[in-house]
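Written below as structure tokens is the structure these notes are about.
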Amino acid sequence: MIPLINTEGIREKLVIKAVRNIRKNFKTKEEEGASMYREGISLDLSRSRLLTQSYKETEGKPMVLRRAWGLEKILEGMDLYIQDWEVVVGSNVSSPEGLFFGIDMNWRSVKRVCDSKAGRSLLDDEGRKELAKMSEYWNGRSISDIQREKFSGDVLDYWKMSKGAPVTWSHWSHLGIPDYEKLFKLGVKGFIKKACDRLVELDKTVPLDYIDQKEFLQAVIITLKAVITFANRYSDLAKKKAEETIDPTDKKRLEHIAKVCAKVPEHPPKTFIEALQSFYFIHLARSLEFSSLGIGLRFDKIFGPYFDKDVKEGRITRKEAMITLQLLWVKIHDLGLIYSPTLSSIYGGVASLQAVTLGGVDENANDVTNEMSYMVLETAKLMQTPEPTIALRYHDYTPRELLSAATDVIKTGVGYPSLFNDKSMIPLMKNWDVPQEHATDYAISGCVYLELPGKNISNRAVGGIILPGALLYGLSQGINPMNGEQIGAKTPDPKTFKSVDDVMDAYLTQVDFFFNKLCTIDNISKSLYEKYIPRPFYSAFLEGCIEKGKDTSSWGYPSAISDICIVIGPTNVSDSITAIKKNVFDDKKITMEELLTAMAHNWVGYEDIQQMMINAPKYGNDDDYADFIAAQTQERTAKAMMNSTNRFGYPCRGDGSGISGTYAAGSIMPATPEGRKAGEPFADATLSPVFGMDTKGPTAVLKSASKINTTKTHNHLMNQKFLPSALEGNMKEVFIDYIRSWGDLNINQIQFNVVDSKTLKKAQENPEEHKDLLVRVAGYSAYFVDLSKGLQDSIITRTAQGF
Amino acid sequence: MNKNIKGIKEERGVVFNIQRFSTHDGPGIRTTVFLKGCPLTCLWCSNPESQKEKPQLMVRDIKCSGCGACLSSCPEQAISFSKKRKRIINWEKCNNCFSCVDACLYKALTAVGVYKSVEEIVEVVEKDRIFYENSKGGVTFSGGEVLTQHNFLEKLLIRFKEEGIHRTVDTTGLASLKVVKKIIPLTDLVMIDIKHLNSKKHKEGTGVGNELILSNLEYIAKNITTWIRLPLIPGFNDDQDHILKIAQLATRLNVEKISLLPYHEGGRAKAAQIGETFEQEEMETQSDEHLKRLTDILSKRDIKITVSS
């Protein structure tokens, strides 16, 4: 039993770490000089310090063991804290104001941030000195240094768009979902036993890779023991604090913590709180081992039964459990990390894409909704934090009450829960050879990252492909117009194109060409990850790793589900191809040459041609002319991308996790044939119409989207903006009916931005008064005032779908 | 030139808008088909472009690029440009030939009102069937005054009966009883606008007395599920006394629901866009407190109420 805490003040415990995400387009001079982070926020150096020390001590030893010892040192040595309200404890940094930082991944840009005006407040002079000293050691040793050294020739050329290619590779962090269900069944001790048994077996069989397997399993055991130590240290700290306190309620709270942390994650949890605590330790140790994002666990399916049993046996009340959840939300929200300026602009501030999944079916096709589903939604409504976000799995038997509770959260404008449609997600995975019993357990770990809990997937965005850029290369024979270099595939002269099929073919050739470059870069980088950053701790919780004696990075789950690339602007491409078909080939109003000239001039002096292209049919209006081409474009793009494979021979694929990349990508791209001017953003999601081009209302948008077959493409993202009045009063039931219709249309995803443009404009003018205003930016929620002016403007203009 | 604008064919009606995802024109998610033409001349009319039955020119200055393509297209020379490149229409000269609409790439010159066949309308309404099924919605025919084109409306209602789509007719109630009797059996729900219960006041505001409307209301309410819609005009019909009388009438006629439509100035800009002047002086919409007072009167009487904004 936990002592009750006054819930009134829980939201005040939230530590908001970022002030502003994007360091471009500042409104005033003063803002330019200001810090990017809120006052008091600091860069936490404790992990870096301990890891550096460990690396120095273990030079020359096998890498997998060095990584294990590194994590061991961190878990055994990190400063711990327990705040005076915590029920579930633990952190990946040594103070609540700390920002996590993976020095072993990339230290350069972080050091640059801390030396700049925007990040100066993150460290004091002494800290800056220490960081500089540590950076000296990592120079040449961090994964980004190793990449720099190992990339050569063609790969180096295409790395990070340096040549103007419409693809960008990045070492975006991994996601992935450990097998929490098995953890709760066996406890960490069960996994240790499994690894030990495998070691004994190994000595009998002596396979060819005996040494590799042995070292891996030893590393697994080191890290698993270390996480038990980590938990026991919290237990000791709580015990000590309990002895010091004179407040009897607080003593009880701390004693409870001490008891729980002595038990989990080593042993299987028995109570709801033990289960939460067990999950949280694994979650933290995973990110301390390797900078990683996301959560993804099916919260209600996993924790619901523990809660129900506790209630039945009188161990907890609903109210107590609700407080525990709210306090956990504060903890999860605290997991901010520092990014390079570029990634900051894509992810938004310090978000670590923490998402949990609710609802959906289980392996027997039964709905999993339970009391916990409602409690999580209630918590979200009370807390309204940007993280964790919620993915709600929808199917025909999702209870109307659950949709109603979800609508109440959506109505607050936090941008979640986003909805995922089992009716199209499960068949999609089937198409990728995922067995039915795995597919039914899918979860969304962050943004729209699709994963299978406990399977060796650890999704990571390979990078991004700007599809309108590929189209432009298809219209320029693969030549970069800026410098005349042949950087794309050599496709035919567009002036010789006889039909729109020639346009499509040239575009697809470029997609194939550039995506192949991207995948090559990634395959090389992944082989570097395998060699230089194995992850024995995380691997332990993935089915097959201990059994094979192999690290997560040394083998792959046999499906296209495992590797994704962010796809930007598919609807801009299809609108472009539609406009070319209509004006150049069908109506013959202009020639290809005239169009290309107009685009080269960014339409200036050619406004009539631009208007003609704008007036062509557009995706998002339930118009078959445009929608047919949209479906063709998306299906054939997906197919072209799946020509490229990962290191293990499974296809790479696109994914809708566009994030605010659609804005950033647009800002650097020249004019495109659908009438867009240079620098304007691309459509904000893979199923969203191009900005302002949908004029027939939200049902028409859904109808258009439904024509793009999810099973023939990939996991999409779709944004719709509604005014709050659309979800209030009588309209709430209509909104739920609208969601049901979305489900029946087999669209795989949807998320809603609920806020009126007046509020947004006000917030833009008086950011001080709207610090808490949350909006959905593509795949995640962010504080509106933290966004750049440009991104704010694009959200305001996104067509408001009025009821 | 769009053949649907030119050339009247008997089986076609004049439609000035088809609005998908209407959620205030009857139950559920609906598509509202607006038919052009109205015998009333309400001072506050929020859709002045709906009054004349024939298609007419409508301008949107905000979209005008000043390119001048319309100048040469006009056979009547009704278009000119000011020194500041502002396009000016001589509405007296305009004969609604729509040559300029074809010439304008920017959609700054448009035709309001299009001749459409029953099947063309079915094709659009059909598109959102899945939404009607999930929300118990359907199609709503509105105006203008929808009964002005009663022969066309009759065909539409029969056709949508075949389609199995719920049909609502939104009317001012101003039509002969014969027409009303023909239409009512073909509908599933009627929404009827009441502007004022006093005939003299009614005439001041709308140009006609209310006797026919009220007697039609009696007939309609007896024969079909009926909702009353009340456009709230500040100082004209939104006092508590008048609302109380409406409530009494609604109770007596067993009306299912009353919808209050708070005043908005939407008609003013549109009047200018079709070359007309908006007679009504500027007024503010009802305050939330006032709306609360009015809904309180109705809710005491156990009638369903909605306030549409």
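Here is the naming used below: chain letters follow the sequence lines, and residue numbers restart at 1 for every chain. What you see below is based on every heavy atom in this structure, not just the backbone, and it leaves out hydrogens, waters and symmetry mates.
Counting heavy atoms from C-beta on, the side chains of A:Met718 and A:Val701 come closer than 4.5 Å. With contacts defined as side-chain heavy-atom distances shorter than 4.5 Å, the pair B:Met191/B:Ser259 does not qualify.
When heavy atoms are compared at a cutoff of 4.5 Å, B:Lys107 approaches chain A solely by way of its side chain, counted from C-beta outward. Only the side chain of A:Asn730 has a heavy atom closer than 4.5 Å to any heavy atom of chain B. Contact of A:Leu745 with chain B is made through backbone and side chain together, with heavy-atom distances under 4.5 Å.
Between B:Phe98 and B:Gln56 the shortest heavy-atom distance is CE2-C, 3.5 Å.
With hydrogens and angles disregarded, a donor-acceptor distance shorter than 3.5 Å links the side chain of B:Glu120 to the backbone of B:Ser117.
Of the listed residues (B:Ile130, B:Thr306, B:Thr31), the greatest number of heavy-atom pairs within a distance under 4.5 Å of chain A belongs to B:Ile130. Ranked by non-hydrogen atom pairs under 4.5 Å with chain B, the options A:Glu607, A:Gln611, A:Lys696 are led by A:Gln611.
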Side chains of residues 15-22 of chain B: which donor-acceptor pairs under 3.5 Å do they make with residues two or more places apart or in other chains?
{"from": "B:Arg20", "atom 1": "NE", "to": "B:Asp128", "atom 2": "OD2", "distance (Å)": "3.1"}
{"from": "B:Arg20", "atom 1": "NH1", "to": "A:Asp622", "atom 2": "OD2", "distance (Å)": "3.3"}
{"from": "B:Arg20", "atom 1": "NH2", "to": "A:Asp622", "atom 2": "OD2", "distance (Å)": "2.6"}
{"from": "B:Arg20", "atom 1": "NH2", "to": "B:Asp128", "atom 2": "OD1", "distance (Å)": "2.9"}
{"from": "B:Ser22", "atom 1": "OG", "to": "B:Gln19", "atom 2": "O", "distance (Å)": "3.2"}
{"from": "B:Ser22", "atom 1": "OG", "to": "B:Thr32", "atom 2": "OG1", "distance (Å)": "3.0"}

